[in-house]
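What you are looking at is a predicted structure, and each value in this text was computed from that prediction instead of being measured. Just follow the structure's listing: the first ligand is 1, and inside any ligand the first atom is 1.
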Amino acid sequence: MDLKGTLTQIILAAMPIPEKEDSPPLILETPKNADHGDIAVPCFLLAKQLKRSPHDIAKEVSTKIQDPLVTDIQVIGPYLNLFLNRKEVSGGILDQIITKKGNYGSNTDGSNAYVPIDLSGPNIAKPFSMGHLRSTMIGNAIANLSAKNGYRPVRINHLGDWGTQFGKLIAAYLKWGEKEKVKQHPIIELLRLYVKFHDKAQHHTELNDEGRRYFKLLEDGDPQTRELWEWFREESIQEFSRIYDLLGVSFDYLQGEAFYNDKMDEVVDILTKNQLLQESEGALVVRLDEHDIPPCIIQKSDGATIYATRDFATALYRKRNFDFSRSLYVVGSEQSLHFEQLKLVLEKAGFDWAKDMIHVPFGMMLQNGKKMSTRKGRVILLEEVLMESVELAKQIIKEKNPSLENKDEVARQVGIGAVIFQDLKHFRTNDVEFSFEQMLNFDGETGPYLQYTHARCHSLLRKAGDFTPSIGQTIDEIEAWPVITHLSQFGEVVKQAWNDYDPSKISRYSLDLARTFNHYYAKVRILDSDQKEVRLHLVYAVATVLKECLRLLGIQAPTAM
Ligand code: ARG
């Protein structure tokens, strides 16, 4: 159990709560003034429950607590202030970190249950967008958090590889496309063809019919059309893979929309049997008037299915294959209505597990306050954006540490880590302002700052020469106390971050840990001190937890930079 849990038990046992009554939630605070103890417990809620004064209750509790962890108790107004046995507490925490290493802070709450996580989902033949980048990074961090909390994440890339647009693309390619050009720059070239088709179709509407015809051919399995589609898909996946490699993200399943093509009839069957389908201008829809939201289109007037239909099939498939107790979709906020409709339609069809499908939305990536688009005007390719960050990181590293050996490798870790951390720093529904300058500031609240602090810890351990961590170390000094208490909170933060699908709780926590440690390091000498051994253990503990935080966020932790 972590420190907070242990203390909670000690305090609750001493509280005059009548049997049969539930105790009010216990709040443990850190007093602003260190003279007021290590932990402060406000007694208002219990006072209300027992109809006594909080001061009285605090007084009574203070006489009852007897535990080796608590060395002194003072009552200040309505607060119960505890002074802890630092040796005991620090010893417990250091031992845990040293024995569990990366597993420190993990729990088994999830009992190994599967959690499908829908993340990334870029659309083939189009540039990988900033939104897909966010989905990839946020989704990956949430998947890591689920595993840390004892679940088994299943990372699924729901590729956008089906739909009428591919009929248009095929038509455009057959008209104007050149094989070699597509081979050279698949995404740029396919995008160009698609845009050209769109432009022309504004005046030549018959082109749209042609596009629909090709999509129909595709749906019916026509070999030539199918071959082209497969080729475009393959080329796109190869380009996307380079981005995934850079980001260090991989998937358990690449099951795009096309995967569900042969599972669509069932959807229409189910909805028909439940008498949910209604005709509307030739299309089949499920009305959701009672929820005051627009109807969900299931089949278009030309008989083609759409995004929502495929997501219906996807939900069924995932329920059958993973028997989930929750299933996550990490997709931008602009699709909130889509997921709301999807859940309601599933519920109407009698699938009560639809309530376990959770849309985890996120905001936009902005540049200079405007939506950062990879489409308008000149095509900004995401790979180029990531490589630019790596290049900038390399310049900074060259300046700061010219003799560093594996500069390229470290620059890659730092440049990519900077992009990821910038994304995961604030709560996901906030928009993110993309700025190289900010995210690569080694002294700011950035990924590189965390990586740098981590590397600094390792540099100390290296300089110590023969450091090997061992259990049984205790640290008594007041300067180390903020670091120790911070380390003790990790397990709690891991739970909260998962419960709220909020990686930024880990970001916040690691920034605070790094800052607290750097304060400590500014105050005490580590290598040339008679406390060297125990202080090095603290350094080791901080490095271990920081590395684990970075791993959860999907960021690498170089040991020198
Ligand atoms: N391809 C979609 C898009 O770009 C995202 C897919 C999200 N996942 C899902 N199951 N709908 O908008």
Practice item. Verify whether one side chain among N144 and R551 offers a donor that lies under 3.5 Å from an acceptor in the other. Key: no
**Study point:** Donor-acceptor side-chain pairing of N107 and N149 below 3.5 angstrom
**Key:** yes
Check your understanding: Can you tell me which residue and heavy atom of the protein come closest to atom 9 (C) of ligand 1, and the distance to 0.1 Å?
Key -> H158 CD2, 3.4 Å
Study note, to complete from the structure: ligand 1 atoms nearer than 4.0 angstrom to some heavy atom of Y329 are 10 (N)
Exercise for review: Return yes or no for this condition: an N or O of Y307 is under 3.5 Å from an N or O of ligand 1.
Suggested key: yes
Practice item. Among all protein heavy atoms, pick the one closest to atom 12 (O) of ligand 1 and tell me residue, atom and distance. Key: Q335 NE2, 2.7 Å
Practice item. Can you sort out which atoms of ligand 1 are near N123, meaning under 4.0 Å from one of its heavy atoms? Key: 1 (N), 2 (C), 3 (C), 4 (O)
Point to revise | Contact (N/O only, under 3.5 Å) between R318 and ligand 1 | key: no
**Study point:** Side chains of R326 and Y151, donor plus acceptor under 3.5 Å
**Key:** yes
Review point. Of all the atoms in ligand 1, which lie at a distance below 4.0 Å from a heavy atom belonging to V331?
Key: 7 (C), 8 (N)
Review point. Short N/O distance, under 3.5 Å, between H338 and ligand 1?
Key: no
Point to revise | Side-chain H-bond candidate by donor/acceptor type, Y244 with S120, under 3.5 Å | key: yes
Check your understanding: Any heavy atom of D311 sitting closer than 4.0 Å to ligand 1?
Key -> yes
**Study point:** Side-chain donor-acceptor pair present, E227, W231, cut-off under 3.5 Å
**Key:** no
Practice item. Measure the distance from atom 8 (N) of ligand 1 to every protein heavy atom, then report the residue, atom name and distance (to 0.1 Å) of the closest one. Key: D118 OD1, 3.0 Å
Check your understanding: Got an N/O contact under 3.5 Å between S120 and ligand 1?
Key -> no
Check your understanding: Will you find, in the side chains of T164 and K300, an N or O donor that is under 3.5 Å from an N or O acceptor?
Key -> yes
Practice item. Consider only side-chain N and O atoms of E409 and Q413, and report whether a donor and an acceptor are under 3.5 Å apart. Key: yes
Point to revise | N or O contact, L159 vs ligand 1, cut-off under 3.5 Å | key: no
Practice item. Supply the atom-to-atom distance F324 CZ to Y114 OH, rounded to the nearest 0.5 angstrom. Key: 14.5 Å
Point to revise | H132 touching ligand 1 at heavy-atom level, < 4.0 angstrom | key: yes
Check your understanding: What about the rings of F166 and F215, do their centers lie closer together than 6.0 Å?
Key -> no
